[in-house]
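Here's the structure, in structure tokens; my notes come after.
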Protein chains: 2
Amino acid sequence: MPRELAHPDITAVTLDAVLAALADPIRREIVTQLAQGHHDQACIAFELPVSKSTSTHHFRVLREAGLITQRYEGTSILNALRCDDMDARFPGLLDAVIDAESSDRGRATTTP
Amino acid sequence: MPRELAHPDITAVTLDAVLAALADPIRREIVTQLAQGHHDQACIAFELPVSKSTSTHHFRVLREAGLITQRYEGTSILNALRCDDMDARFPGLLDAVIDAESSDRGRATTTP
DNA sequence: TTCGTTGTACGACTTTCTTCGTTGTACGGT
DNA sequence: ACCGTACAACGAAGAAAGTCGTACAACGAA
């Protein structure tokens, strides 16, 4: 079978799923890297502080929430943000979160 | 003891806490009602589909995340959105979520 | 003072999420 | 054909979150 992953139609994307997906710091890290021009990069290219299984899980959550697309390229998967779709569905939301994430870097996360 | 509730300084507010707070539909319901002019309304005025204990819990999460202020007025508590603070900390984020919540009403939440 | 209202605090239960290891599959290269 | 890479699918263990009931404290009114 030619491997392909299911992506939700943008009209079926819920705010609940999007916010739940963005509530996790690791998933926001992925989104941030994708927003910084790391489009079409394999999952392994993101250096995340978790195991490979967990990494796969997070990418899956982002995809099922409608935030990213994933398509096969050989054995790898190329990831991309669904910027246009998200902006059509929830205008300004994704940009606001990405901006917030940038300005939140180096600040209190666990209150040191 | 004169009852008063602790509110985080806006500089100490984290994106993590804010998004985690907004990820719950009941808490978004509260935020939406506050945004629709229900400022300074007691907790009991929000008709939520949960018990009193749970309601208290959700208001507490919102307050500790920095999204709302709570001040006593007799036995009641008056709630208000920290619009200005939030917009200073994470510009556009709160508005985007409120707008998204409005446009998400009446749409697929559990996909019927 | 006594009572009802409003909300907090605590503990317990249930569900969900995060994380991981293991196993299996498609693809590319040798 | 064989092997290594990159990822998915599955199941399990632990942590975290939502929910509730009961008990308690502050305030206002009768």
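Quick note on labels: first sequence line is chain A, next is B, and so on, each numbered from 1.
Which of C:dT6, C:dT25, C:dC20 sits closest to the side chain of A:Val50 comes down to C:dC20. The side chain of B:Ser51 has D:dG21 as its nearest neighbour among C:dC27, D:dG21, C:dT6. Nearest to the side chain of B:Ile26, among C:dT6, D:dC7, D:dT19, sits D:dT19. Among C:dG7, D:dC7, D:dA8, the nucleotide with an atom closest to any side-chain atom of A:Cys43 is D:dC7. Of all nucleotides listed (C:dT5, D:dA8, C:dT19), D:dA8 comes nearest to the side chain of A:Leu5. Candidate nucleotides C:dT19, D:dC20, C:dG21 were compared by shortest atom distance to the side chain of A:Ser53, and C:dG21 ranks first.
Following rounding to the nearest Å, A:Gln70 (CD) and D:dA8 (C1') show an atom-to-atom distance of 11 Å. In this entry the distance linking CG of B:Leu19 with C1' of C:dC17 reads 16 Å, nearest Å. One interatomic measurement links the two molecules: CZ of A:Arg63 to P of D:dA8, which rounds to 7 Å at whole-angstrom precision. A:Lys52 places its NZ atom 8 Å from the P atom of D:dC7, with the value rounded to the nearest Å. Rounded to an integer number of Å, the gap from A:Leu78 CG to D:dA6 C1' is 12 Å. Between B:Ile30 atom CD1 and C:dG7 atom P the separation is 12 Å, expressed in whole Å. For the pair A:Tyr72 OH and C:dG28 P, the interatomic distance rounds to 13 Å; values are reported in whole Å. Atom CZ of B:Arg71 and atom P of D:dA26 are 21 Å apart (whole Å).
A salt bridge does not link B:Arg27 with B:Glu29: every distance from a Lys NZ or Arg NE/NH1/NH2 to an Asp or Glu carboxylate oxygen is 4.0 Å or more. Taking 4.0 Å as the cut-off between side-chain N and carboxylate O, B:Asp87 and B:Arg82 do not count as a salt-bridged pair.
Across every non-hydrogen atom of B:Ile68 and B:His7, the tightest pair is O-CD2, 3.6 Å. B:Ala65 and B:Ala17 make their closest contact through CB-O, 3.7 Å (heavy atoms, listed as atom of the first residue, atom of the second, distance). A:Leu15 approaches A:Phe90 most closely through the heavy-atom pair N-CZ, 3.4 Å. When all heavy atoms of B:His58 and B:Ile30 are compared, the pair lying nearest together is CB-CD1, 4.2 Å.
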Heavy atoms under 4.0 Å is the rule here; annotate nucleotides 11-17 of chain D 5' to 3' with B where the base is hit, S where only the sugar-phosphate is, and - elsewhere. -------

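Residue whose closest nucleotide on DNA chain C sits further toward the 5' end, between A:Gly74 and A:Ala23: A:Ala23.
Looking at DNA chain D, the stems built from 3 or more consecutive Watson-Crick or G-U wobble pairs, each pair with its key distances under 3.5 Å, are C:1-16 with D:15-30, C:18-30 with D:1-13.
Residue B:Ser76 is classed as a sugar-phosphate contact, given heavy-atom separations below 4.0 Å to backbone atoms only.
Under the 4.5 angstrom side-chain criterion for Ile, Leu, Val, Met, Phe, Trp and Tyr, A:Leu78 has no cluster partners at all.
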From CA spacing to verdict: side chain to side chain donor-acceptor pair (under 3.5 Å), B:Thr11, B:Asp9: CA-CA 5 Å; B:Thr11 61; B:Asp9 191 277; 2.7 Å; yes

So B:Ser53 and B:Thr56, side chain to side chain donor-acceptor pair (under 3.5 Å) or not? Walk me through it. CA-CA 5 Å; B:Ser53 326; B:Thr56 297; over 6 Å; no

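The side chain of A:Arg60 places no N or O atom within less than 4.0 Å of a non-bridging phosphate oxygen (OP1 or OP2) of D:dC7. In this model, the phosphate group of C:dC20 is approached by a side-chain N or O of A:Thr54 to a distance below 4.0 Å at OP1 or OP2. Taking 4.0 angstrom as the limit, A:Thr56 places a side-chain polar atom (N or O) nearer than this to OP1 or OP2 of D:dA8.
If you run side chain to side chain contact (heavy atoms under 4.5 Å, CB included) between B:Val31 and each of B:Leu94, B:Ile26, B:Asn79, B:Val97, only B:Leu94 comes through.
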